[in-house]
**Student:** 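Mind looking over this structure? Questions follow.
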Amino acid sequence: MTRTRARLRRLLGRIGLYFSVIVLVSPAILFFLWMLSLAFKNEADNTAYPPVFIPNPPTLANFVDVFAKNDFLTYTINSVIVSFSATGLALLLGVPAGYGIAKAKATRAALLILVARVTPGLSYLIPLFLLFQWLGLVGTLTPLVITHLVITVPIVVWIMIGYFEGLPAELEEAALVDGATIWQAFRYVAMPLARPGIMVGMILSFIFSWNNFIFGVVLAGRSTRTLPVAVYNVLTFEQISWGPLAAAALVVTAPVLLLTLVMQKEIVAGLTAGGVKGG
């Protein structure tokens, strides 16, 4: 009787877990499927009532229209340059900074990083815009890369603080006893052990940089727009063309979605490893 009750509880627990996951995930999946449907339907089906969900027949005209009327190839290259540059610089600066803060137990510095992480990017926009306008850099890719560091560096530093705090101190102490410098202990001992955290920081930084809109819409020029800004420019005052708009949104979403699917094991491993102290 006791075993039966225990099995029933486990079964109800699993059902409750699966139901919760479905409730949380289904809205995002439905929105994505609807966007996919809009991208592959013609404009008549997109405005039909009752709504047509399955394209019949599917068409690529919306994607052709997006690339024909907008220089999306240039905007894609701009997004790649900005996101990869901002992510690379964030790793170059953030990983050593996270190590130093963790080993020095600088809680005030960690708190400052957290404040920078949760502060909206819009708060930095006006002073940065005035600075880049004075330097004559508005309309180039340089201010975009620099402003994206406001987003990516705090992410990397905050993640790496947790990882380096969780590493066994005995390993680095042994390296120092053997004659290694603090830099060598960081490079050859701490960094390899913190690889999952570095991967998570890299992926999250890239995603946040790729999706950033506000800096691009203010600081970019006509030829230096990134993809989120280009999608915004697909909107017209006369009418909303849902097909091209959904196609443009898919073009922006696809790289991030593919990166997440390909690196999902690294993300899960990194996040779970980061939650284990001394592991």
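The first residue of the sequence shown is numbered 1, and numbering continues consecutively from there.
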**Student:** Under 4.5 Å between side-chain heavy atoms, hopping through other hydrophobics if needed: is there a path connecting Val80 to Leu219?
**Tutor:** yes
**Student:** Of the non-hydrogen atoms in Met35 and Ala246, which two are nearest, and what is the gap between them?
**Tutor:** O-CB, 3.5 Å
**Student:** So Phe164 and Tyr99, would you call those rings parallel, tilted or perpendicular, with 30° and 60° as cut-offs?
**Tutor:** perpendicular
**Student:** Is it true that Ile101 and Trp183 fall in one hydrophobic cluster, defined by side-chain heavy atoms closer than 4.5 Å?
**Tutor:** yes
**Student:** Mind checking the CE-CD1 spacing from Met199 to Ile159? Nearest 0.5 Å is all I need.
**Tutor:** 12.0 Å
**Student:** Kindly give the heavy-atom pair with the smallest separation between Thr253 and Ala249, and that separation in Å.
**Tutor:** OG1-O, 2.7 Å
**Student:** Out of curiosity, does Phe84 fall in the hydrophobic cluster containing Leu149 (side-chain heavy atoms, cut-off under 4.5 Å, transitive links)?
**Tutor:** yes
**Student:** What's the spacing between Thr226 OG1 and Tyr75 OH if we round to 0.5 Å?
**Tutor:** 10.0 Å
**Student:** Taking all non-hydrogen atoms of both residues, which atom of Ile151 and which atom of Pro154 are closest, and how far apart?
**Tutor:** O-CD, 3.6 Å
**Student:** So which atom in Ser209 and which in His148 form the shortest heavy-atom distance, rounded to 0.1 Å?
**Tutor:** OG-ND1, 2.7 Å
**Student:** Sequence neighbours left out, cut at 3.5 Å: what donor-acceptor pairs do the side chains of residues 200-207 make with other protein atoms?
**Tutor:**
{"residue": "Ser205", "atom": "OG", "partner": "Gly201", "partner atom": "O", "Å": "2.7"}

**Student:** Could you see if Tyr188 belongs to whatever hydrophobic cluster contains Phe186? Use Ile, Leu, Val, Met, Phe, Trp, Tyr and a side-chain cutoff under 4.5 Å.
**Tutor:** no
**Student:** Considering non-hydrogen atoms only, spot the tightest contact between Met191 and Ile198 and give its length.
**Tutor:** O-CD1, 4.0 Å
**Student:** Measuring from atom OG1 of Thr87 to atom CG of Leu92, what distance do you get when rounded to the nearest 0.5 angstrom?
**Tutor:** 12.5 Å
**Student:** Minimum heavy-atom separation for Val217 to Ile214, with atom names?
**Tutor:** CG1-O, 3.2 Å
**Student:** Is the backbone of Ala220 close enough, under 3.5 Å, to the side chain of Thr224 for a donor and an acceptor to pair up by distance?
**Tutor:** no
**Student:** Could you walk me through whether Leu125 and Phe215 satisfy the side chain to side chain contact (heavy atoms under 4.5 Å, CB included) test, starting with their C-alpha distance in whole Å, then the side-chain angles of each, then the deciding distance to 0.1 Å, before giving a yes or no?
**Tutor:** CA-CA 7 Å; Leu125 184 59; Phe215 291 143; 3.6 Å; yes
**Student:** Looking at Trp210 and Leu227, would you say the former's side chain and the latter's main chain have a donor-acceptor pair under 3.5 Å?
**Tutor:** no
**Student:** Could you go through the side chain to side chain contact (heavy atoms under 4.5 Å, CB included) check for Val138 and Phe129 one step at a time?
**Tutor:** CA-CA 8 Å; Val138 174; Phe129 174 77; 4.1 Å; yes
**Student:** In this structure, are over 12 heavy atoms from other groups packed under 6.0 Å from Ile15 atom CD1?
**Tutor:** yes
**Student:** Roughly how far, to the nearest 0.5 Å, is CG of Leu250 from CG of Leu36?
**Tutor:** 5.5 Å
**Student:** Could you give the distance from CG (Leu135) to OG1 (Thr142), rounded to the nearest 0.5 Å?
**Tutor:** 10.5 Å
**Student:** Check the hydrophobic clustering (I, L, V, M, F, W, Y; side-chain heavy atoms under 4.5 Å; chains of links allowed) and say if Leu128 and Trp134 are grouped together.
**Tutor:** yes
**Student:** Applying the side chain to side chain contact (heavy atoms under 4.5 Å, CB included) test to Val153, which of Ile155, Val157, Val156 qualifies?
**Tutor:** Val157
**Student:** Using atom types as modelled and distance alone, determine if a side-chain donor or acceptor of Thr147 lies under 3.5 Å from a backbone N or O of Leu144.
**Tutor:** yes
**Student:** Counting only N and O atoms by type, is there a donor-acceptor contact under 3.5 Å from the side chain of Asn211 to the main-chain atoms of Pro228?
**Tutor:** no
